[in-house]
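Notes for the one structure printed next.
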Amino acid sequence: MSSLLTGLNEAQFAAVTLPPRPALILAGAGSGKTRVLTTRIAWLIQSGQVTPQGILAVTFTNKAAREMLARVTAMLPLDPRGLWIGTFHGLCNRLLRTHFRDAGLPQLFQILDSGDQLAAIKRLLKMLNVGDDKFPARDVQYFINSQKEAGLRSSAVEAIDEYSRQRVALYAEYEVQCQREGVVDFAELLLRTYELLERNEPLRHHYQARFRHILVDEFQDTNRLQYQWLKCLAGGGDRGAALFCVGDDDQSIYAFRGANVGNMRAFEREFRVETIIRLEQNYRSDGNILQAANAIIRHNRQRLGKNLWTDQADGEPIRIFEAFSDGDEGRWLVEELQSLVGEGFSRQDVAVLYRSNAQSRVLEHQLFSAGIPYRVYGGLRFFERQEIKHALAYLRLLVNPDDDTAFLRVVNFPPRGIGARTIETLQDAARHSGTSLVRAVAAVAGKGGSNLSQFLALLEGLRRQASGLALPDLIARVVSGAGLAMHYQNEREGQERLENLDELVSAAANFAAEAAGRHLGESGQPDLHAELVEFLSHAALEAGDHQADAGADAVQLMTVHAAKGLEFGIVFLTGLEEGLFPHDNSLNGEDGLEEERRLMYVAVTRARRRLYLSLAQSRMLHGQTRYNLRSRFITEVPPQLCKWLTPPRVGARVAEPAFSRYFEPSAASRAVSRPAPTTSVAGRDLGGLRVGQNVSHGRFGVGVIVAAEGSGSDARVQVNFGKQGVKWLALGVAKLEPV
DNA sequence: TTAGCTGGAGTTTTT
DNA sequence: CTCCAGCTAA
C-alpha cells in the first residue's frame, strides 16, 4: 500500500487519501492531476474502502478514459471490467442499453453523431417545409442541443415570442422523429439517462448504493446537465457518494460549447465542500515559462485562485519574434526548426500552435516547401469519412430498417437510379402513413418504384448473407454486397477509400476480439446483433484518430484547444495578434476575453523547456491583408522573462534594409533572407513611419498604420486603433509616436 | 443524376 | 483566398 503513495507531494498525498466526503481538487497544469485520480482509485480499492464495482470515474474524452484505466490497472491487479471508467456519453450509453425499457427506448437504439443529427434536422425541416433562411439547420441543431444541455425537453422550454415558439415546435417535432426512428443524439444520451434516474427511484437508489465513489476529471468542462447528472447519481446528504471533482478553472476553454465553470463554485456550495486542495507544484515547465503563465492568468478577475510553482531552474527566456508578414513568420519558423533539429532536438517534441485552423495553411506551405515533416491535428476522423459512414449506414439498416437517416444516406449510393423525385414521393407516402421510409416503399412501388423494391431486396439479401457471420466477416460481406467495394474500385481516387474500408474490417476484428465473450446469447453462442450494435455505438462515440501516421518523427501542428492536456519540450505559439488571439469574435465582454486569456494560459503551459511567441505585422486573411496590433497577451508577459529576437519597440524606417531590425539574431534567424514587406510605401516621406508599424496617439492610444497616401507635408496615414476604430490622420497635424 | 458554377461565409470541438 | 452548400444546366 505504501508503495502506491510514495513519491506523492504533500498536496497530492492529501488529495489521494481524503476521507469519503465531497472534495474539490484544483489541479494546475502539469501538477500530476491524472496521477492523483488514478492513485486515489487504486488506494481506495487497495485499502479495502471500496470494491472496484463501487467506483465510477468520469472523463470527457475516450483518450482520458483509456489512460486512466491503463494506469489504474497497472497499479492494481484487477479485472478492468468491474471498474466503471468512461466518458459521460459512454457511461450513459451503457446505462441506457441495460435499462432501455425503463428509458423508453428500443433495445437496439442507435446513436447519431453530430453529422447524423444535422442530416436528421435538415430532413425534418424539409418535411415541414420550413425555410432555411429563417431556420438554418445548424441554428436549429444548436438550439436543440443547448436546450437538452440545460436539461429541458421541448415541453419545458418557455417560448417568449413567435420565433422562439416556432423553434420549440421544431424541437418537439425532432423529438418525435428521433423516437419514431429509434435514434438518440449525444445530448439525448445524457438527458435520457438523467431523466431515467430522476424518475425511477428504485433504479436511482440501486446506483446510488452501488457507486460510493464518483471521480470526475476536467470538472471545469462540465455543462449544466452533466452536473445535474452527477448530483443525481451521487445522491445528497450524509449517505451520498463521495464526489471527488478534479479541475482547473484557469483551463476552462470550452464555454462556447456549454461548459459551465460555475459548476465548481456551485459544487463547493451545494455539497458543503470543506476542503479544497490545490495542486500547485508543477512538474512540467521551467521557471520562466511558469512565471510567464502565472503573470498572464493573473489578469483574470474570475478565478478561484492558484499559483503554480516549480523547484526547477528558471531555464531559458521566452523568445519573441515579430515578423513583417505571415509568410515571414513561416520562413522564420522553418529556419528555427531546422536549426533545432540540427542541434539534435526531436521533431516530435516540438509543437506549433495557433488559435484558429485557418492559420495552419501558411505554416504548412512553408514546412512543406522546406521538406520538414509535420503532422496536423484536426480534420476528418476515421469514422467520419464518407466511405465509412456509408458502410455503417448499411450496417445500421441491418439492425434497424426504420433508421431513415441511414436509409437516405445509402438508398442511392452507390447510384442505382433512385433520384430526388422518387425519394420525395417516398417521403410523402411515409408521412401520410406515419411510417418509416422502408415501410412506405410498398406504397410507391407501383409508381416507378421498382428501383426502390430492388434496394429493399438488396438489404434483405445482405441480411440473409450476414446471418451467422462473425462481425468482421459480416462487414466485409456488406461492403462488397452493397456494391461499395465495386464502386470505389471504379472511382479514380477510390484507392484510399478502399483501404479505409479494409481498415474498417480490421477495426471490427480488433473490437470483436476485445469484446469476446461479452455478447453471449441464451444459447451461449455469440449474439451478433448485440455485438454489431455495440460496434456501431463505438463508431459513434469514438470517432477514431484524426490522422493515421501518428508515429512519424514530425513536428506537431495544432490549435491551442487541441493542445490541451499535451506537453512538448518546445512550443511555438504563433499569430499573437489582436483580433486573432485574442480572437475578435470572442471579445464580447469580459467573459470572452477571460476565456481567451485562459486559452493563452493553456498554450503557454504546454511547454517544458522552451517557448517561442511569434506574431506578424501583416497577415492575409479572407483574401485581404490585415494589419493587426501586437496581442495584449504578449504585453502581459513580464519583460524580464523575455528575449526579443526582433527589436521590441523601435519600428524600422522605410529606407533601411529590413534585417537591420535584428539586434540579436539567433543562429537560425541569421540565415533568413528577409524581403521587404509587400506593403511598403518606399519612396514616400512619412517622417520615418511605414505601413504595418505600431504608433501611439494622444487620444486614440496605440494603433497600427494600415495605409498611407500623399507625402511630405500632405502625407496622411490610416491607423487602426482597434476598439477606437480606424482613422485617417494627417501627419502634419496629428502627433504620432512610433511604438 | 451529376458536374459545374455561384455566392456566402470565414473561432475554438468532444461525444 | 478557399471551402462549402445549394442551385442550374446538360
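Chain A is the first sequence line, chain B the second, and so forth, proteins listed ahead of strands; every chain is numbered from 1.
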*Specify the separation, in whole Å, of atom CG of A:D326 and atom C1' of C:dC1.*
11 Å

*Which atoms form the tightest heavy-atom contact between A:A563 and A:L353, and what is the distance?*
CB-CD2, 3.8 Å

*Should the ring pair A:Y207 and A:W84 be called parallel, tilted or perpendicular, given that the plane angle runs from 0 to 90° and is split at 30 and 60?*
tilted

*What interatomic distance, in whole Å, is found between C1' of B:dT14 and the corresponding atom of C:dC3?*
23 Å

List every contact pair, protein side and nucleotides 9-12 of chain B side both N or O, where the distance is under 3.5 Å.
| unit_1 | atom_1 | unit_2 | atom_2 | d |
| --- | --- | --- | --- | --- |
| B:dG10 | N3 | A:H622 | ND1 | 3.2 |
| B:dT11 | O4' | A:H583 | NE2 | 3.3 |
| B:dT11 | O2 | A:R355 | NH1 | 2.9 |
| B:dT11 | O2 | A:R355 | NH2 | 2.4 |
| B:dT11 | N3 | A:S586 | OG | 3.2 |
| B:dT11 | O4 | A:N585 | O | 3.3 |
| B:dT12 | OP1 | A:N357 | N | 2.6 |
| B:dT12 | OP1 | A:N357 | ND2 | 3.0 |
| B:dT12 | O4' | A:R355 | NH2 | 3.1 |
| B:dT12 | O2 | A:R355 | NH2 | 2.7 |

_Just to verify, what does A:S146 make a side chain to side chain contact (heavy atoms under 4.5 Å, CB included) with, not counting sequence neighbours?_
A:Y142

_Contact letters for nucleotides 2-10 of chain C, in which S counts primed atoms plus P, OP1 and OP2 and B counts the base, heavy atoms under 4.0 Å_ = SS-------

*Minimal non-hydrogen separation, A:G575 against A:E329, with atom names*: N-OE2, 3.0 Å

_Please classify the nucleic acid contact of A:A540 as base, sugar-phosphate, or nothing, using heavy-atom distances under 4.0 Å._
nothing

*Which comes earlier along DNA chain B counting from the 5' end, the contact point of A:G419 or that of A:T87, where each point is its nearest nucleotide?*
A:G419

_According to ring pair (Phe, Tyr, Trp, His ring centres under 6.0 Å), who are the partners of A:F568, at least two apart in sequence or on a separate chain?_
none

*asked:* In this structure, how many angstroms lie between the P atom of B:dT13 and the CG atom of A:L541, rounded?
replied: 20 Å

*asked:* Can you list everything that forms a salt bridge (charged side-chain N to carboxylate O under 4.0 Å, His left out) with A:D139? Sequence neighbours excluded, please.
replied: none

_So, does A:N412 get its side chain near the phosphate of B:dT1, meaning an N or O under 4.0 Å from OP1 or OP2?_
yes

*Specify the separation, in whole Å, of atom CZ of A:R66 and atom C1' of B:dT15.*
13 Å

*Counting side-chain heavy atoms from C-beta on, which of B:dT2, B:dT14, B:dT15 comes nearest to A:R257?*
B:dT14

*For A:N62, which contact category applies under a 4.0 Å heavy-atom criterion: base, sugar-phosphate, or nothing?*
sugar-phosphate

*Between A:N145 (CG) and B:dT14 (P), how many Å, whole number?*
15 Å

*Using the ring of each side chain (for Trp, its six-membered ring), is A:F186 parallel, tilted or perpendicular to A:H89, with breaks at 30° and 60°?*
perpendicular

*Which is true for A:L91 with a 4.0 Å heavy-atom rule: it touches a base, it touches only sugar-phosphate, or it touches nothing?*
nothing

*Round to the nearest Å and state the distance from A:L118 atom CG to B:dT15 atom P.*
19 Å

*asked:* Counting only heavy atoms not in A:R153 (residues, nucleotides, ligands), do more than 12 fall under 6.0 Å from its CZ?
replied: yes

*Roughly how many Å is it from CD in A:E384 to P in B:dT15, rounded to a whole number?*
10 Å

*When the distance from CD1 of A:I111 to C1' of B:dT14 is rounded to whole Å, what number comes out?*
14 Å

*In chain order, what residues pass the side chain to side chain contact (heavy atoms under 4.5 Å, CB included) check against A:A543, with sequence neighbours excluded?*
A:R381, A:E384

*OP1 or OP2 of B:dT13 less than 4.0 angstrom from a side-chain nitrogen or oxygen of A:R381, does that happen here?*
no

*Between atom CD1 in A:I423 and atom P in B:dT2, what is the gap in whole Å?*
11 Å

*Establish, for the pair A:R385 and A:F382, whether the NZ or CZ atom is under 6.0 angstrom from the six-membered ring centre and no further than 45 degrees off its axis.*
no

